[in-house]
Amino acid sequence: MSRYLAVLAAATLAACQTMGGLTVKDYTAKSGQRVMAGQAEPKGEYSCAKVSQEKKEWGMKGTMDKSGTMQRVTAEAVDAAPSKGANYAYVKAPAQVGVGAVNVNAFSDAQVAYYKCNNLPAGK
């Protein structure tokens, strides 16, 4: 039984890592610098160091239009990254935690962690 659980946990972790990688894309900041950004922390092989973390407004609108708000926050993070010395932005939306039909995090902010990475994969 424990062997089955270990295999299931490993498969689940691999699937999550694969899905996380799919949410990271190449962008070009207004400054012209290439920035990778998305909803996953940088991979270990990218050799990154965290340079800063900040809150980005999410609010009720983000709760109602998660996709649109995620695009806005990601665009803001991409444009801010070069001025922070970063080339990777990890965007974390607030958790959707509900009590009944009410999202208790409806007015929480998103978090953006900025990283300076030495070994990003070649751009596409």
Practice task
Test side chain to side chain contact (heavy atoms under 4.5 Å, CB included) on Tyr27 and Thr74 and set out the steps.
Solution key: CA-CA 10 Å; Tyr27 295 91; Thr74 300; 3.8 Å; yes

Between Lys66 and Ala93, the two heavy atoms sitting closest are CE-CB, 4.2 Å

Which of Lys43, Glu41, Met36 passes side chain to side chain contact (heavy atoms under 4.5 Å, CB included) with Tyr88? Answer is Met36

Task: side chain to side chain contact (heavy atoms under 4.5 Å, CB included) assessment of Lys56 paired with Glu76 - done: CA-CA 9 Å; Lys56 294 285 187 181; Glu76 289 174 7; 3.7 Å; yes

For Ala89 and Val35 the tightest heavy-atom approach is N-CG1, 4.4 Å

Closest non-hydrogen atoms of Lys55 and Asp109, given as atom of the first, atom of the second and distance, are CD-OD2, 3.9 Å

For Lys50, the side-chain hydrogen bond (donor to acceptor under 3.5 Å, both in side chains) test, sequence neighbours excluded, returns Gln53

query: Does a side-chain heavy-atom distance below 4.5 Å link Leu120 with Asn87?
result: yes

dist Asp26:CG -> Arg34:CZ (nearest 0.5 Å) comes out at 4.0 Å

Sorted by chain and number, sequence neighbours left out, side chain to side chain contact (heavy atoms under 4.5 Å, CB included) with Ala86 holds for Val51, Ala81, Tyr114

Counting C-beta onward and ignoring hydrogens, is there a side-chain heavy-atom pair between Lys116 and Lys84 closer than 4.5 Å? no

Scanning both residues in full, the closest heavy-atom pair of Pro82 with Gln33 reads CB-OE1, 3.2 Å

In short, Tyr46 meets Pro121 closest at the heavy-atom pair CE2-CD, 3.4 Å

Ser83 meets the side chain to side chain contact (heavy atoms under 4.5 Å, CB included) criterion, sequence neighbours left out, with none

Note: Asp79 and Lys30 closest approach over all heavy atoms is OD1-N, 2.9 Å

Within a strict 4.5 Å, meaning less than it, do heavy atoms of the Trp58 and Met70 side chains meet?
yes

